[in-house]
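Residue numbers start from 1 in every chain, and the chains themselves are labelled A, B, ... in the order their sequence lines are given, proteins ahead of strands.
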Amino acid sequence: MPRVPSKPITAAEAYPLIFAVIKRIPRGKVASYAQVAYAAGFPGRARMVGRALADAGGGGPKLPWHRVINAQGRIALPRSSEAYVEQKTRLVAEGVLFEGDRISFTRYGWKRGSAPVLD
DNA sequence: GCGATGACAACGC
DNA sequence: CGCGTTGCCATCG
């Protein structure tokens, strides 16, 4: 598909869509920032998803923010942070196992072991 | 208006 | 696997 010049989007408009996508990531599965962005209708804007979560800071009780990881299968937070530990704990609690500090998209990727990015 | 800053990603080496 | 580079784009100072 041709690259469409996308117009700027504000947080107020994008966040609800992004959160809506994150809410449908099944338990025990994970999705990359890029995948979430793509599914929310913002291809190529993975950073915005990261910003959305950072702003949300916990994002509400119903938001499974811990199921969003980077394209390398790693938690996108400093190893030393509290949030890192919490995210890992939550994932392990729902059956997502780590290989070192990485998670296998092949096994736990949203939508049948999908690729990190595309739908 | 400009440069710096990110819970990012793809690609090259 | 690790690094550096480039592309990305809303925010912030």
> Over how many whole Å does the gap from Leu53(A) atom CG to dT11(C) atom C1' extend?
Replying inline: 16 Å
>> I need the minimum non-hydrogen distance between Ser104(A) and Glu99(A), along with the two atoms involved.
In response: CB-OE2, 3.5 Å
> Below 4.5 Å, heavy atoms only, C-beta onward: do Trp65(A) and Gln87(A) meet side chain to side chain?
Replying inline: yes
>> Side chain of Arg45(A), heavy atoms from C-beta onward: which of dA9(B), dA7(B), dA10(C) has the nearest atom to it?
In response: dA10(C)
>> So that I can tick it off, tell me whether Arg67(A) and Glu94(A) are bridged by a salt bridge, with the cut-off set at under 4.0 angstrom between side-chain N and carboxylate O.
In response: yes
> For Ile22(A) and Pro64(A), which heavy atoms make the closest approach, and how far apart are they?
Replying inline: O-CG, 3.3 Å
> Looking at dA10(C), dA9(B), dA7(B), which one has an atom nearest to any side-chain atom of Ala34(A)?
Replying inline: dA9(B)
> How long is the line joining CD1 of Ile69(A) and P of dC8(B), in whole Å?
Replying inline: 12 Å
> From dA9(B), dC8(B), dA10(C), pick the nucleotide closest to the side chain of Met48(A)?
Replying inline: dA10(C)
>> Without decimals, in angstroms, what is the distance between Gln72(A) CD and dC11(B) C1'?
In response: 12 Å
> Separation of Ile18(A) atom CD1 from dA10(C) atom C1', in whole Å?
Replying inline: 11 Å
> Over how many whole Å does the gap from Asp55(A) atom CG to dT5(B) atom C1' extend?
Replying inline: 13 Å
>> When you measure only distances, ignoring hydrogens and angles, does the side chain of Arg47(A) come within 3.5 Å of the base of dG6(B) through a donor and an acceptor?
In response: yes
> How long is the line joining OH of Tyr33(A) and P of dG6(B), in whole Å?
Replying inline: 15 Å
> Choosing from dC8(C), dG2(C), dA7(B), which nucleotide comes nearest the side chain of Arg74(A)?
Replying inline: dG2(C)
> Roughly, in whole Å, what's the span from CD1 in Ile22(A) to P in dC8(B)?
Replying inline: 13 Å
> Do the side chains of Val68(A) and Val30(A) get nearer than 4.5 Å, heavy atoms only?
Replying inline: no
>> Counting only side-chain heavy atoms from C-beta out, which of dA9(B), dA7(B), dC1(C) sits nearest to Asn70(A)?
In response: dA9(B)
> Rounded to whole angstroms, how far apart are CZ on Arg51(A) and C1' on dA4(B)?
Replying inline: 14 Å
